[in-house]
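Since the structure comes first, as structure tokens, the remarks are kept for the end.
Here is how names work: the chains are called A, B, and so on, in the same order as the sequence lines, proteins then strands, and each is numbered from 1.
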Number of protein chains: 2
Amino acid sequence: MSSRVTGNRVRKAPAERRAEIVEAAARLALTEGLECITLRRVADMLAIRNSTVGHYFPATEDLVAETFGHVAETELSTLISADNEATPTQRLAHFLSLALSAEFHDVNRLWLNARHLARYRPTLRERVIRQGDHWRERLTSLIQSGIDTDEFHTTDAEAVALKILVVIDGLSADLNADPRFPTTVQQMAVDLAETELHLAPGTLRHTP
Amino acid sequence: MSSRVTGNRVRKAPAERRAEIVEAAARLALTEGLECITLRRVADMLAIRNSTVGHYFPATEDLVAETFGHVAETELSTLISADNEATPTQRLAHFLSLALSAEFHDVNRLWLNARHLARYRPTLRERVIRQGDHWRERLTSLIQSGIDTDEFHTTDAEAVALKILVVIDGLSADLNADPRFPTTVQQMAVDLAETELHLAPGTLRHTP
DNA sequence: AGTTCTATCGGTCACTTGCCCGATAAGCGG
DNA sequence: CCGCTTATCGGGCAAGTGACCGATAGAACT
């Protein structure tokens with residue numbers, strides 16, 4: 001009758017269990033939000049006791065921070081692949097198209113979530129700042145490589161990267177609460193990038 | 001010994017008490033965030049019982065939504081005064097300078113807060129959308145009046161308004177977690193407005 | 001096989017939350 | 001001055017939270 005399989009205690013390697021927990025929390029964060037990461041909900045997903053989760057993360061805030069960091073790190077590598085044979089133009093077009101696509105909506109929403117929650121959780125705030133730096137560095141170096149190959153033209157790669165990220169954040173914040181946004185405005189990031197980098201209009205519009 | 005003044009029951013006009021409650025909640029929202037609006041905290045601020053607050057707002061979510069709407073409405077009228085003798089250029093410059101000033105930080109943070117919390121609270125989401133429309137309308141009509149007086153030049157006033165608001169949201173979202181932002185990027189909104197409206201650089205930079 | 005370490009369990013505790021209830025008293029109309 | 005409406009009180013309940021504890025059982029090592 002009861003679905004409870006009592007006594008079936010499974011003991012895993014700490015690193016493996018810890019990874020399991022973070023991954024379950026990540027699924028939760030992406031679908032329901034960071035505030036839904038509670039000891040009991042994560043434990044239920046893995047069919048373990050809440051005290052086991054507490055054993056790996058004595059302070060719940062640390063689990064929340066680590067979960068955000070994990071997702072942000074993973075998604076960044078999806079947005080900007082490090083060793084790619086594509087040209088900087090192609091890679092930037094890929095970045096822009098993916099970052100504002102529907103399938104990336106959950107990630108953008110997670111950033112919004114984390115930025116707000118960082119107000120109350122110092123550990124998370126630190127992670128948000130660190131990941132923000134990381135994203136900015138990666139986008140900056142992508143732009144810089146475009147400058148090196150003479151595809152992009154700007155004097156301050158970092159400022160351009162920052163501006164692009166600001167626009168993406170603003171768009172996803174607004175889209176989060178209100179989906180009725182005209183496509184003209186949704187192309188802001190592409191337009192901004194093309195203007196700032198002195199590219200012909202349309203250069204970044206299509207994915208390779 | 002006890003600071004409790006028992007039996008001192010004060011009965012106020014419903015409209016007055018209701019306004020008191022919303023105002024106390026607004027103070028709370030601006031300083032500590034919308035999730036700190038609880039029956040007991042608001043009640044404590046007014047030295048009344050939590051059940052009294054519950055009497056006026058049977059669902060706490062309604063108090064949260066109304067509080068946000070109240071603040072957003074009030075602050076909008078600070079940003080854009082309706083019957084002003086100033087020129088559209090002066091009014092837009094005032095808007096931009098105030099919207100990104102330090103003293104407006106709390107309001108921007110409240111917007112971020114509301115946009116995120118709207119995910120869980122349908123009533124609040126409705127309010128966020130409505131207020132978003134309201135801000136956009138007001139900024140659009142300000143730009144339109146500038147077009148009429150031949151100060152601004154653009155074909156789509158609403159699109160420009162939307163873009164300006166997107167940039168402001170993105171900037172305040174990023175500034176919320178990370179205050180180390182270069183001033184070049186903080187001028188994004190001004191630069192964007194001047195470019196989109198075909199104004200000479202620097203036109204919107206100073207407050208009248 | 002025996003020993004040791006610790007991952008995991010099962011349960012508890014104190015706290016906060018929103019919501020609800022009956023009792024009381026303030027103010028108004030008659 | 002009386003009676004009615006209802007704003008306000010005082011208290012309580014159930015649900016959910018993070019943190020904590022001692023007991024147990026896997027697994028590695030001798």
Side-chain angles (χ1 to χ4, degrees), chain A residues 2-25 28-29 32-68 113 117 120-124, chain B residues 2-25 28-29 32-68 113 117 120-124:
Chain A
S2 166
S3 62
R4 166 64 60 92
V5 190
T6 51
N8 220 350
R9 182 185 291 201
V10 183
R11 186 192 181 109
K12 299 197 173 184
E16 183 187 356
R17 180 67 87 189
R18 193 184 170 91
E20 265 187 17
I21 291 174
V22 171
E23 222 157 302
L28 211 44
E32 305 191 31
L34 289 170
E35 29 274 286
C36 292
I37 296 180
T38 68
L39 298 182
R40 285 163 181 82
R41 289 219 52 186
V42 173
D44 285 349
M45 292 177 72
L46 299 170
I48 57 179
R49 302 290 115 192
N50 58 51
S51 46
T52 301
V53 180
H55 172 70
Y56 287 95
F57 295 92
T60 307
E61 182 183 346
D62 293 344
L63 172 57
V64 173
E66 177 138 343
T67 299
F68 167 75
N113 189 346
L117 204 60
Y120 306 101
R121 316 267 163 104
T123 312
L124 177 61
Chain B
S2 165
S3 61
R4 165 68 55 93
V5 190
T6 51
N8 220 351
R9 182 183 294 201
V10 183
R11 186 190 181 112
K12 298 197 173 183
E16 182 188 356
R17 182 66 88 185
R18 192 185 171 91
E20 263 187 18
I21 291 173
V22 171
E23 221 157 305
L28 211 43
E32 305 191 29
L34 289 170
E35 28 273 284
C36 292
I37 297 179
T38 67
L39 297 182
R40 286 165 180 81
R41 288 218 53 185
V42 173
D44 284 350
M45 292 175 73
L46 299 170
I48 58 179
R49 301 291 116 191
N50 58 49
S51 46
T52 301
V53 180
H55 172 70
Y56 287 95
F57 295 92
T60 308
E61 183 183 344
D62 292 345
L63 172 59
V64 173
E66 177 139 342
T67 299
F68 167 75
N113 189 347
L117 205 59
Y120 307 101
R121 316 268 164 103
T123 312
L124 176 61

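Atom pair A/L34:CG and D/dG18:P shows a separation of 13 Å (rounding to whole Å applied). In this entry the distance linking OH of B/Y56 with C1' of C/dC19 reads 18 Å, nearest Å. Atoms CG (B/L63) and P (C/dT17) sit 14 Å apart, rounded to a whole Å. Whole-Å rounding puts the B/H55 NE2 to C/dA25 P distance at 18 Å. For the pair A/R121 CZ and D/dG18 C1', the interatomic distance rounds to 11 Å; values are reported in whole Å. Atom-to-atom, CG of A/D44 to P of C/dG10 comes out at 13 Å; the value is rounded to the nearest Å. One can place CD of B/E35 at 15 Å from C1' of C/dT16, the figure rounded to the nearest angstrom. In this entry the distance linking CD1 of B/I48 with P of D/dC9 reads 6 Å, nearest Å.
Each of B/K12 and B/L39 has a nearest nucleotide on DNA chain C; the 5'-most of these lies closest to B/L39. Where B/A47 and A/A59 meet DNA chain D, the nucleotide closest to each residue was compared, and B/A47 sits on the side nearer the 5' end. Take the nearest nucleotide of DNA chain C for B/F57 and for B/R11: the residue whose nucleotide is more 5' is B/F57.
Among the atoms of the strands shown, base atoms are found under 4.0 Å from some heavy atom of B/R40. Looking at heavy-atom distances under 4.0 Å, A/T60 makes contact with sugar-phosphate atoms alone, never a base. Residue-level contact check: A/T38 touches the backbone only, with heavy atoms under 4.0 Å from sugar-phosphate atoms and none from bases.
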Checking side chain to side chain contact (heavy atoms under 4.5 Å, CB included) for the pair B/E66/B/R18: CA distance, chi angles, key distance, verdict?
CA-CA 11 Å; B/E66 177 139 342; B/R18 192 185 171 91; 3.4 Å; yes
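Taking CG of B/L28 as the reference point, atom CE of B/M45 lies at 5.5 Å (rounded to 0.5 Å). With rounding to the nearest 0.5 Å, the separation of CD1 in A/I21 from CG in A/L39 is 9.5 Å.
In the set C/dT8, C/dA26, D/dC20, C/dT8 carries the atom at the smallest distance from any side-chain atom of A/R17. When distances run from any side-chain atom of A/S51 to the nucleotides C/dA25, D/dC21, D/dG11, the shortest one goes to D/dC21.
Contact between the side-chain N/O atoms of B/T52 and the OP1/OP2 oxygens of D/dA7 is not found at any separation under 4.0 Å.
Screening B/V42, B/L46, B/D44 against B/V53 for a side chain to side chain contact (heavy atoms under 4.5 Å, CB included) leaves a single residue, B/V42.
Between the side chain of A/R49 and the base of C/dT8, no donor-acceptor pair of N or O atoms lies under 3.5 Å.
The shortest side-chain heavy-atom distance between B/R121 and B/L34 does not fall under the 4.5 Å cut-off.
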